[in-house]
Amino acid sequence: MSIRELTNCRPDFPALARTRAGHELAFLDGPAGSQVPAPVIDAMSDYYRTSNANTHGFFQTSRETDALMARARETVARFLGSEDGKTVSFGASMTTLAFSLSRALARGWAEGDEVVITALDHEANRGPWLRLEERGIVVREIALLPDGRLDVDDFERQINERTRLVAMGLASNALGTVNDVARARRLASEVGAHLVLDAVHYAPHFALDVEALDADFLLCSAYKFYGPHVGVLYSRPGLLDTIDTDRLRMQDQAAPYRIETGTQNHAAIAGVAAAIEYIASFGDGEDLRSALLDAFAQIGEHEREVARHLWERFGRLRKVTRWGPGFGEEERAPTVAITIDGMRPEEAAARLGEQGLQVWDGDFYAIRAIESLGLADAGGVLRTGVLMYNTIEEVDRLADAVAAL
């Protein structure tokens, strides 16, 4: 599949047809959430039209909802690289699930036990663990280097025999850095600690493989990969059944239901499955998993080409500073963060927005990373990101507009 064929996906996304003041909207705000293709919208509306019912009833629409939920878990499992739909739990958001997980795990820990987090991560994989300090849990932080990478020497210093868990992101939503998860897994295993991975920013751009990552828990959000607002939690087989989650006594006590509270958003979960199937439709394979792997290879090549082009365009602007690792041989998410000399990010974002160029400013809940880089008082950074529907023409528009600023 060529890049041109991939960009033919654009008509599938109704929002891409919108304009502002005569300008086509350029949705370069993908790191905060993707646009949604028509097949996902159809799947959600079809559920409401035909099968809207709660689960476990002895009637047709309830049975249809049961089947939908079971199929969705299996579909998400293939997306994550898991062989078992029972490893997949749903929640209102990744953050909600992370708080539930932190409370559950902490019930098995003692005062003085330790958790290791990073200065690079989104607060959704920091805040739930920092909150445990009020229970006497010690939280250690891995330092961030000026180039946007974690300090690997500090990583080894922070882990010891009291470490019970390492929480880190696969990719930074602020800087695009992809972390060395293999090192984290090795260090955590040496002291018998769990590894919790935040894949929210990684999942839209790279094929996930929870078995290869050897994750104990992994979280992501469907609204970042062309779906609705639903949080996803992967748990290593058998592990969720061993922790004391917040749950009602009538609830199914086994995985994957053990951490799910209340009635799930069935229509949205139908959309999650449809989003994964939509991604797979761009790949070639005998089954869903192999089609997804091929699709992500195609999508990733396109996204990196467009993002690298933008990175290079920004590099030629004298008053622009680029933040995060460059686009070299190492893996990197297609996210580009900059600052403009003499202009705060919010002012730049507002002026670009008037031209239909949708980009974000601020810290994007990666506040510790922005603080570590000394950018908090200056308003953070101006951030743009590339998804499968973005084009060279759009990022050239953005680079030209930034040059004019």
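These numbers come from a predicted model, not from an experiment. We use all heavy atoms of the structure for the numbers below, so side chains are in, but hydrogens, waters and symmetry mates are not. In this chain, numbering begins with 1 at the start of the sequence shown.
Rounded to the nearest 0.5 Å, atoms OH (Y202) and CG (L218) are 10.5 Å apart. Note that the CZ atom of F217 and the CG atom of L240 stand 6.5 Å from one another [nearest 0.5 Å]. Atom CG of L25 is separated from atom CD of Q355 by 12.0 Å, given to the nearest 0.5 angstrom. Distance check, rounded to the nearest 0.5 Å: OG1 of T384 to CG of L28 gives 4.0 Å. Between the CD atom of E156 and the CD atom of Q158 there is a distance of 11.5 Å, given to the nearest 0.5 Å. Taken from CZ in F282 to CG in L6, the straight-line distance is 6.0 Å, to the nearest 0.5 Å.
Remark: side-chain polar atoms of S372 are paired, donor with acceptor, to backbone N or O of R368 under 3.5 angstrom. The closest donor-acceptor contact from the side chain of R322 to the backbone of F314 lies at 3.5 Å or more, if one exists at all. In terms of modelled atom types and a separation under 3.5 Å, the side chain of R73 and the main chain of R71 share no donor-acceptor contact. S93 contributes a side-chain N or O that, together with a main-chain N or O of T96, makes up a donor-acceptor pair within less than 3.5 Å. A donor-acceptor pair is defined here as one N or O able to donate and one able to accept, closer than 3.5 Å; such a pair exists between the side chain of Y226 and the backbone of M388. A donor-acceptor contact shorter than 3.5 Å links the side chain of S172 to the backbone of A174. Looking only at distances, no side-chain donor or acceptor of T163 sits under 3.5 Å from a matching main-chain atom of I159. R78 contributes a side-chain N or O that, together with a main-chain N or O of E83, makes up a donor-acceptor pair within less than 3.5 Å. Using modelled atom types, no side-chain atom of Y223 and backbone atom of G227 make a donor-acceptor pair closer than 3.5 Å. Between the side chain of N179 and the backbone N or O of G169 there is at least one donor-acceptor pair closer than 3.5 Å.
Annotation: cation-pi geometry not satisfied between R183 and F155 (NZ/CZ under 6.0 angstrom from ring centroid, within 45° of ring axis). Judged by the 6.0 Å and 45° rule, R10 forms no cation-pi pair with Y389. Annotation: cation-pi geometry not satisfied between R135 and W109 (NZ/CZ under 6.0 angstrom from ring centroid, within 45° of ring axis).
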Check your understanding: Given the rule in the side chain to side chain donor-acceptor pair (under 3.5 Å) test, do D396 and H309 qualify, once you have shown the distances and angles that lead to the verdict?
Key -> CA-CA 8 Å; D396 273 336; H309 179 76; 2.7 Å; yes
Point to revise | Criterion side chain to side chain contact (heavy atoms under 4.5 Å, CB included) on V402 and V320, from CA distance to verdict | key: CA-CA 9 Å; V402 170; V320 166; 3.9 Å; yes
Exercise for review: For the pair L195 and V181, evaluate side chain to side chain contact (heavy atoms under 4.5 Å, CB included) and give the outcome as yes or no after the intermediate values.
Suggested key: CA-CA 9 Å; L195 177 65; V181 174; 4.2 Å; yes
**Study point:** Chi angles and distances behind the salt bridge (charged side-chain N to carboxylate O under 4.0 Å, His left out) call for R304, E301
**Key:** CA-CA 5 Å; R304 284 187 289 277; E301 180 183 355; over 6 Å; no
Practice item. Go through the steps to decide whether D361 and R344 satisfy the test salt bridge (charged side-chain N to carboxylate O under 4.0 Å, His left out), and finish with yes or no. Key: CA-CA 9 Å; D361 68 280; R344 289 181 64 87; over 6 Å; no
Exercise for review: Decide salt bridge (charged side-chain N to carboxylate O under 4.0 Å, His left out) for R149 and D147; before the verdict, give the C-alpha distance in whole Å, the side-chain angles of both, and the deciding distance to 0.1 Å.
Suggested key: CA-CA 6 Å; R149 296 175 175 87; D147 66 1; 2.9 Å; yes
Review point. Stepwise, does the side chain to side chain donor-acceptor pair (under 3.5 Å) test hold for S62 with T65?
Key: CA-CA 5 Å; S62 180; T65 299; 5.9 Å; no
**Study point:** Residues R236, D214; criterion side chain to side chain contact (heavy atoms under 4.5 Å, CB included); working and verdict
**Key:** CA-CA 8 Å; R236 184 188 295 277; D214 199 19; 2.9 Å; yes
**Study point:** Stepwise side chain to side chain contact (heavy atoms under 4.5 Å, CB included) test for K224 and C220
**Key:** CA-CA 8 Å; K224 300 298 178 79; C220 59; over 6 Å; no
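Between A171 and H201, the closest heavy-atom pair is O-CB, 3.6 Å. Residues P256 and G85 approach most closely at CG-O, 4.4 Å, considering heavy atoms. Across all their heavy atoms, T95 and A124 have their closest contact at OG1-CB, 3.4 Å. Of all non-hydrogen atoms in G324 and R332, the two that sit nearest each other are C-NH2, 4.2 Å. The two residues L170 and A199 make their nearest non-hydrogen contact at CD1-CB, 3.5 Å. Across every non-hydrogen atom of A193 and D216, the tightest pair is O-OD2, 4.1 Å.
Annotation: E111, atom CD; neighbour count of heavy atoms from other residues, nucleotides and ligands within 6.0 Å does not exceed 12. Heavy-atom contacts from other residues, nucleotides or ligands closer than 6.0 Å to CH2 of W129 number more than 12. Within 6.0 Å of the CG atom in D377, the count of heavy atoms belonging to other residues, nucleotides or ligands does not exceed 12. For E24, the CD atom is loosely surrounded, since the number of other residues' heavy atoms within 6.0 Å does not exceed 12. More than 12 heavy atoms of other shown residues, nucleotides or ligands fall within 6.0 angstrom of atom CG in D252.
Look at R258 and D244 and you find no salt bridge, because none of the NZ, NE, NH1 or NH2 atoms lies under 4.0 Å from a carboxylate O. The existence of a salt bridge linking R308 and E312 is excluded, since no basic side-chain nitrogen approaches an acidic carboxylate oxygen closer than 4.0 Å. Using a 4.0 Å cut-off between charged side-chain N and carboxylate O, R383 and D363 make no salt bridge. Salt bridge annotation for R49-D46: present, with a cationic side-chain nitrogen under 4.0 angstrom from a carboxylate oxygen. Taking the charged nitrogens against the carboxylate oxygens, D154 and R157 do have a contact shorter than 4.0 Å, which makes a salt bridge. With respect to R186 and E190, a salt bridge is recorded, a charged nitrogen being found less than 4.0 Å from a carboxylate O.
A donor-acceptor contact closer than 3.5 angstrom links the side chains of E303 and H205. One side chain, S82 or T87, offers a donor N or O that lies under 3.5 Å from an acceptor on the other. Defined by atom type and a distance below 3.5 Å, a donor-acceptor pair is present between the side-chain atoms of Y278 and D12. Looking at S290 and D287, their side chains do bring a donor and an acceptor atom within 3.5 Å of each other.
Taking the six-membered ring where the residue is Trp, Y365 and H122 present parallel rings, their angle staying beneath 30° rather than reaching 60°.
Counting only heavy atoms from C-beta outward, the side chains of T263 and H266 approach each other to under 4.5 Å. Inter-residue side-chain proximity for L175 and L120 is flagged as met; some heavy-atom pair is nearer than 4.5 Å. Contact check for L405 versus I340: side-chain heavy atoms found under the 4.5 Å cut-off.
For F13 and F27, the gap between ring centers reaches or exceeds 6.0 Å.
Pairs passing the salt bridge (Lys or Arg N to Asp or Glu O under 4.0 Å) check and including a residue from residues 112-125, sequence neighbours excluded, read D113-R162, D113-R164, E114-R140, E123-R126.
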